[in-house]
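Below you'll find the structure, written out as structure tokens, and then a few comments.
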Amino acid sequence: FTPTLDLPLSWCQGDAPLALDGLGQPEGGTWTGDGVLNTADGPVFDAGVLTPGTVALTYTVDGPCGGVATGSLSVFPSPEPPTLTAVNGLLYAGNFTEADSLSWFIDFGNTGEPVDYAYTDSVFYFPTWGDVYFVQVINPYGCTALSNPLLIDSTRIQATGNGTIN
């Protein structure tokens with residue numbers, strides 16, 4: 001019997017660890033390979049501890065109906081988080097490469113619910129007061145990084161929080 005795997009084709013270094021439970025059938029097997037960590041919540045694949053490249057993951061099921069299956073996935077580099085700077089009344093996105101693309105997120109009225117503003121690939125953005133701005137950089141592999149948020153109020157521009165969009 002050969003177990004089956006349902007692994008993604010790729011994972012970015014900056015992505016959260018990938019939970020491996022349920023990605024191998026039948027369930028109850030053991031995962032091994034570079035980047036595989038056994039946690040209290042089950043095995044995970046953590047690309048953040050690896051260098052970019054192809055990684056082999058092995059799933060072993062013991063017993064009379066057991067077997068071994070090996071799959072691979074590509075680990076891609078994540079970009080560095082972009083920066084946001086106020087320049088002459090505009091927001092300027094920096095710290096990205098020419099091959100990267102940008103996407104702006106705005107939390108209208110600082111509600112804690114940022115939305116993708118569908119304003120892409122522009123380095124500058126004209127902000128409005130009372131809103132929080134983020135910019136996301138997307139590299140050619142599809143890996144992303146998010147800037148720290150920037151709150152625009154009537155007296156100043158200030159950095160807030162840690163830049164996480166849920």
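Applying the disulfide (SG to SG under 2.5 Å) test to every pair with at least one member in residues 1-46, sequence neighbours left out, gives these pairs: C12-C143. Annotation: disulfide (SG to SG under 2.5 Å) contacts involving residues 33-107, sequence neighbours excluded, are absent. Contacts classified as ring-ring contact (aromatic ring centres under 6.0 Å, His included) and involving residues 14-42 (residues at least two apart or in different chains) are given here: W31-Y59.
Evaluation of the side-chain hydrogen bond (donor to acceptor under 3.5 Å, both in side chains) rule for T111 yields D107 as partners, not counting sequence neighbours. Y92 is linked by a side chain to side chain contact (heavy atoms under 4.5 Å, CB included) to V87, V123, F124, counting only residues two or more places apart in sequence or in another chain. Partners of Y133 according to the side-chain hydrogen bond (donor to acceptor under 3.5 Å, both in side chains) rule, which considers only residues two or more places apart in sequence or in another chain, are T128. Under the side-chain hydrogen bond (donor to acceptor under 3.5 Å, both in side chains) criterion, T97 pairs with D100, not counting sequence neighbours.
The minimum heavy-atom distance between L102 and I138, with the atom names listed, is C-CD1, 4.3 Å.
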I'd like a table of donor-acceptor pairs (distance under 3.5 Å, sequence neighbours excluded) in which one partner is a side-chain atom from residues 2-11, with atom names and distances.
{"from": "W11", "atom 1": "NE1", "to": "A16", "atom 2": "O", "distance (Å)": "3.0"}

Donor-acceptor pairs are to be reported for all side-chain atoms of residues 68-84 against protein atoms at under 3.5 Å, with residues two or more places apart or in another chain.
{"from": "T70", "atom 1": "OG1", "to": "T58", "atom 2": "OG1", "distance (Å)": "3.2"}
{"from": "S78", "atom 1": "OG", "to": "G14", "atom 2": "N", "distance (Å)": "2.7"}
{"from": "T83", "atom 1": "OG1", "to": "G94", "atom 2": "O", "distance (Å)": "3.4"}

Donor-acceptor contacts under 3.5 Å from residues 36-50 side chains, at least two apart:
{"from": "T39", "atom 1": "OG1", "to": "D41", "atom 2": "N", "distance (Å)": "3.3"}
{"from": "T39", "atom 1": "OG1", "to": "G42", "atom 2": "N", "distance (Å)": "3.3"}
{"from": "T39", "atom 1": "OG1", "to": "G42", "atom 2": "O", "distance (Å)": "2.5"}
{"from": "D46", "atom 1": "OD1", "to": "G48", "atom 2": "N", "distance (Å)": "3.0"}

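In this structure the side chain of F96 never reaches within 4.5 angstrom of the side chain of V135, judged on heavy atoms.
The hydrophobic cluster containing F105 also contains L151, counting ILVMFWY residues as joined when their side-chain heavy atoms lie under 4.5 angstrom apart, directly or transitively.
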